[in-house]
Amino acid sequence: MTQIHHLTHLPVVETFHSVQGEGTWMGVNAFFIRLAGCDVGCPWCDTKISWNIKRHHQIEISDLVIEAVNAHPAIVVITGGEPLMRDLTELTRQLKEQDLRVHLETSGSHPFSGHFDWVTFSPKKFKFPHNSIYHQVSELKVIIKDASDLSWAEQNAARVPVNVVKYLQADWETESSNELVMQYVLNHADWRISLQTHKLLGVR
């Protein structure tokens, strides 16, 4: 019989307690677990520190769960980096055993794993999503730099469940993208504008 070995440690950039700054759960009390490692390579990424896994410590999953419980959050957000580079089954199992609501933020570029109450999917053209992500999605968030990204957004929207909340987020480094997103949302009522309110508030 094959024995299954569950992960006991994960590479972690940081953990912190704040509010969710984006999307449907914006403003909600949240504990963040930012995992290390990413092979997507988005040029606009604001957490490039997370890319190189060798720069970050391996932390025991049980210790991460204790931190989350002690924060008394409304939600626990597993983010990155690209969190699906690791098997998230054991982490999410332990968090849910503590009756915590668990959210995921992912590009979907690796096979889906874990047990989540909410999945934010932000597909990137730099590394195409894995097919296992699409039926798991709760909200779709696409970064818009130019008009070609709008087509990419619609391609992915066509593959997620019909009740998924759909967001467009302007690339902060491209001034013209703000108007592009605004006009698209005004002409496509099924899309919303995503704002990074934590940056506006000056919090984590």
Side-chain angles (χ1 to χ4, degrees), residues 1-18 20-25 28-42 45 47 49-124 126-141 156 159-161 163-165:
M1 178 181 294
T2 302
Q3 185 176 0
I4 298 175
H5 296 278
H6 294 291
L7 290 176
T8 59
H9 293 70
L10 289 167
V12 177
V13 178
E14 60 179 346
T15 58
F16 61 97
H17 189 198
S18 185
Q20 174 58 278
E22 306 175 28
T24 306
W25 293 81
V28 171
N29 177 339
F31 182 78
F32 291 84
I33 300 173
R34 186 181 302 284
L35 298 181
C38 186
D39 57 0
V40 180
C42 303
C45 178
T47 53
I49 189 175
S50 68
W51 289 8
N52 188 343
I53 191 173
K54 295 178 180 179
R55 294 182 177 177
H56 305 286
H57 295 296
Q58 297 277 339
I59 296 181
E60 193 164 345
I61 286 175
S62 59
D63 289 339
L64 293 172
V65 174
I66 290 170
E67 278 193 71
V69 169
N70 289 341
H72 303 292
I75 59 176
V76 176
V77 182
I78 300 174
T79 185
E82 175 41 62
L84 287 179
M85 290 181 70
R86 303 324 124 196
D87 185 339
L88 301 178
T89 303
E90 184 63 16
L91 174 59
T92 56
R93 182 189 69 78
Q94 291 191 33
L95 289 168
K96 293 193 72 62
E97 281 183 350
Q98 299 297 321
D99 295 322
L100 291 167
R101 183 178 181 92
V102 187
H103 291 202
L104 174 68
E105 297 180 346
T106 179
S107 69
S109 59
H110 290 265
F112 189 85
S113 63
H115 307 284
F116 294 93
D117 299 287
W118 190 265
V119 174
T120 300
F121 171 45
S122 185
K124 307 299 192 301
F126 312 107
K127 186 174 177 64
F128 280 21
H130 191 272
N131 287 333
S132 60
I133 187 66
Y134 287 100
H135 69 284
Q136 304 286 349
V137 177
S138 307
E139 73 179 5
L140 172 66
K141 181 183 72 177
N156 283 277
R159 299 189 61 184
V160 300
N163 61 335
V164 163
V165 187

Practice problem: Quick one: sort the His103 and Trp25 rings into parallel, tilted or perpendicular, breaks at 30° and 60°. | Solution: perpendicular
Quiz item: Step by step, would you call Leu100 with Phe31 a side chain to side chain contact (heavy atoms under 4.5 Å, CB included)?
Solution: CA-CA 10 Å; Leu100 291 167; Phe31 182 78; over 6 Å; no
Exercise. Would you confirm whether Glu82, through its side chain, and Leu84, through its main-chain N or O, come within 3.5 Å as a donor-acceptor pair?
Key: yes
Quiz item: Does Lys141 use its side chain to pair, donor to acceptor, with the backbone of Glu139 at less than 3.5 Å?
Solution: no
Say you draw a straight line from [atom1] of [X] to [atom2] of [Y]; how long is it, rounded to the nearest 0.5 Å?
| X | Y | atom1 | atom2 | result |
| --- | --- | --- | --- | --- |
| Leu10 | Asp63 | CG | CG | 11.5 Å |
| Ile33 | Leu64 | CD1 | CG | 5.0 Å |
| Met85 | Ser113 | CE | OG | 12.0 Å |
| Phe32 | Ser18 | CZ | OG | 6.0 Å |

Quiz item: Would the Tyr134 and Phe121 ring centres measure less than 6.0 Å apart?
Solution: yes
Looking at every non-hydrogen atom in both residues, tell me the closest pair between [X] and [Y] and how far apart they are.
| X | Y | answer |
| --- | --- | --- |
| Val102 | Lys96 | CG2-CG, 3.7 Å |
| Leu104 | Phe112 | CD2-CE1, 3.9 Å |
| Gly81 | Cys38 | CA-CB, 3.9 Å |
| Thr92 | His115 | OG1-N, 3.0 Å |
| Ser132 | Pro111 | OG-CA, 3.5 Å |
| Val137 | Val164 | O-CG2, 3.2 Å |

What I want to check is whether the side chains of [X] and [Y] have a donor and an acceptor closer together than 3.5 Å.
| X | Y | result |
| --- | --- | --- |
| Glu90 | Gln94 | yes |
| His72 | Asn29 | no |
| Thr15 | Glu67 | yes |

Practice problem: Begin from the C-alpha positions of His57 and Val12 and carry the test side chain to side chain contact (heavy atoms under 4.5 Å, CB included) through to its verdict. | Solution: CA-CA 6 Å; His57 295 296; Val12 177; over 6 Å; no
Exercise. Give the C-alpha distance, both sets of side-chain angles, the deciding distance and a yes or no for side chain to side chain contact (heavy atoms under 4.5 Å, CB included) between Ile78 and Leu91.
Key: CA-CA 10 Å; Ile78 300 174; Leu91 174 59; 3.5 Å; yes
Quiz item: side chain to side chain contact (heavy atoms under 4.5 Å, CB included) between Leu35 and Val13: does it pass, once the steps are laid out?
Solution: CA-CA 6 Å; Leu35 298 181; Val13 178; over 6 Å; no
